[in-house]
Amino acid sequence: MSEKLSSKALSKKITDEYMDEAFRAHELGKLVGYTTAISPVELFVAHDIVPIYPENHAVANLTAKKGAEICSITENLGYTSHLCAYARTDLGYRESGKTITKGIPEPDIFLACNAQCFTLTKWFQVLARRGDLPVFVFDTPEYVMDKTARQEIVKYCVLQLKEVIAWLEQITKKKFNYDRLQEVLYYSAKSSILYKKFLDMAQYKPSPISIFDALIGMAIAVYRRGTPECVEYYQTLCDEIEEKVAKGIGVVQNEKYRLYWENLPVWFKFSDHAKLLASYGAVILTSLYVHAWSLDFDLTKDPLETLAQNYVDRFSNSTIEDRAAMAMDLFKRYDMNGMIMFMNRSCKAVSFAVPTLKDILVKKTGIPALVFESDMGDQRFYSETQIRTRIEAYFETLDQLHRKTA
Amino acid sequence: MWENLSLKEVTECAKDPYPSIRRWKEQTKKAVIGSTIADVPEEVIYAFGFLPVALLGTSKPLKKAPSLLPDNACSLARSNLELALSYEGDLFDGFVLPQVCDTTQHLSDIWRINFPGRYVECFLAPRQVDRPSAKYWVKEETERMINSLHTRFGKTVSDDDLRKSFALHNENKELLKDIYEVKRKYPASITNKEFFSLIKLSMQVDKAEFNETLKKVKDGLVKTEVEGYIDVILAGITCDPPEIFDLLDEIKLNVVADTLVTGSRYLQGTIGNGMSPIDALTERHFKRGFYSPIHDNVYKGFNELKALCDKYKPRAVVYIHIEFCESEEYDLPDLKSMMRKEGIPMHVLSTEFQTLSLSHVRTRLQAFFESLTGGSL
Ligand code: SF4
Ligand code: SF4
């Protein structure tokens, strides 16, 4: 019997097989569908369309510090430097072929869900014009707090999911299989439960995972949702972390500060930030961003309804008050005592709420916040000394508070 | 108050309409409801007996907005937030805020949180208009807005109230279209600044009164042929600060058509007869032209602009880009290259609502048109 793979090896295997299939999609009689990280990809999986996320490809390049170089190519095409660095990296890659990976296959169709952001719809429109390809915008109105309005929003979204299906049938000339969708949803539901379990392991003290582990562990939930291998991966991951918990292994020794992070990470500072924080006994546990894929499908419901419900109520599509409530839930459950609020100039969708969100969270928790402005991927907008100084000053403040309350 | 204005008074009032709206409110004791631009059905608000006022930024300094929205938020969003928080917030009995892009989504949350207890409702217009579900949704949202106004203000609105309101708004648009027609042919009859002030004010004051001004303006237009004007088309969402129109007037550019939300797109919003008021409002929603944050055929913006160019044969297109509006920023490179392929010169002006000095804009605009005409203007 072959030895059980580690989560890391399994992740690599799943990713390699996925990319291999994506590059051979046409050979296999499949289409390549570009979609957004938060989108009802279950419809693609059920209809045998290979989902590709240009954002993920951009992340790989941004983490490898290629942001400034590739984004400048896009800016030379006339796009401004204010746009999302994922979009700028993607457009620059298409223009120049520059990437640190093998690249991604060209799209056949686009499905953009604006529960994530509006940027993606515009970005996909640009790509669609390049190849004169079909785009479907799955429009998810903000999940406002009024209960009746919410029911109506879900109805509108169910109608649109039916339109997505008709659109796919028309393009592929193949009938959509609802039984297959039910099966795909079963895997999505199962892996989402395990993914959430993995994230929630940050509740332990010391925490066996940091947000950096969560970010690495998130990828499969994004691009392999709805498959048995996705379930297998999160089962393996959870088993590994549980072992660490049993042995009392924490991310940092003498864990002192358990931090909340608002926004996406600064991809190219990933490991630097982890090291710097660890030197203060601090570990960032979580963010709403990594929880965005803790979907919760109700398999007893009509599949389209549970899909609609899940994709419309993501944090990025919720009101600021609801977002604050979601964050407060994490503060309580994870027993956090610090927060870093990142104003990410690349991502207006997440960042424009940050000042208001910070005020609410500081008021509700009584914990001071560190706010800093930068960019998730474009190094030209990152000021090393300024951010380092602010982090240092923040821990001094936390230390003082800690001493007072001790 | 707004029924007998001269064109000079119109431009002055359009620059800062709030003092007169305050006086109107004192006299009529009616409620004033603000909304940022993007398809909130103003006719419904009017039918309730309230004054719908389109919020179009302020030229006054930014004081509070920068701590709530970063400096790469679009200038319209920052300026509107400032207008409400620092300057005119007390004038409004409530706001109905549309959501079209990420910026507007956050804005409505921020407004609600910053005006506790005040009526702040959002209008969740569909951000796609190419499928039947969009129609379903516009109808739902229109009904929700009516119910929300009813619940909050304890007033009801009848079909008859709605129809009367439609008639008044339609009349307003027809009058503006007539004036536009004259302006196209006889550029000396009315300046760009005056004409676009008429549209702006139409979006902000009581049309029952203002239509009277429009009628008089229309009747008073002098149709004499004057040489030396260059026809242009304006594209974009809005054109601010209004001094940009002064620049266009200064170098004798005659705007013969436009795609502005505060221009022709507003005029496309007449409401049809022969169906229930809600159905008529729903139908109207889809009669308007391209608006960059809303998804439709990916070539729609270009096709509309090209059709206008074919029809009016302008010397150039002047695109007014609101600083940091990402929606426009994603469209612009393709739009430019498509226009280039068609051989239509296009000049992009980036503007900010808080801009005080337009000398750089003047120089660039002059240089562009000098190069087009092969000599000085
Ligand atoms: S980073 Fe933000 S703006 Fe960019 S694609 Fe993601 S959600 Fe959209
Ligand atoms: S569409 Fe553009 S101008 Fe309008 S609010 Fe959004 S970003 Fe600002």
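Chain naming here is simple, since letters A, B, ... match the order of the sequence lines and numbering starts at 1 in each. All figures in this text were calculated on a predicted structure; none of them were measured in a lab.
Residues of residues 332-353 of chain B lying under 4.5 angstrom from chain A, judged on non-hydrogen atoms, are B:P333, B:D334, B:M338 in numerical order. Of all residues in residues 139-152 of chain B, those placing a non-hydrogen atom less than 4.5 angstrom from a non-hydrogen atom of chain A are B:E140, B:R144.
Counting heavy-atom pairs closer than 4.5 Å to chain B, the top residue among A:T121, A:D146, A:N317, A:T148 is A:N317. Comparing A:R130, A:E321, A:K358 by how many heavy-atom pairs each has under 4.5 Å with chain B, the most go to A:E321. The candidate from A:L77, A:L91, A:T140 with the greatest count of non-hydrogen atom pairs under 4.5 Å with chain B is A:T140.
Contact of B:F324 with chain A is made through backbone and side chain together, with heavy-atom distances under 4.5 Å. With a 4.5 angstrom heavy-atom cutoff, B:Q99 touches chain A only via side-chain atoms. Using a 4.5 Å cut-off between heavy atoms, B:N297 makes no contact with chain A at all.
B:D109 places a side-chain N or O within donor-acceptor distance of the main-chain N or O of A:I320, the cut-off being under 3.5 Å. In this structure, B:N72 contributes its side chain and A:R345 its backbone to a donor-acceptor pair below 3.5 Å. No donor-acceptor distance shorter than 3.5 angstrom exists from the side chain of A:K348 to the backbone of B:C74, with no hydrogens or angles considered. At least one donor-acceptor pair closer than 3.5 Å links the side chain of A:E163 to the backbone N or O of B:S133. The main-chain N or O of B:V298 is found under 3.5 Å from a side-chain atom of A:R129 such that the two form a donor-acceptor pair.
Using a 30° and 60° split on the angle between ring planes, A:Y79 and B:Y330 fall in the tilted class, from 30° to 60°.
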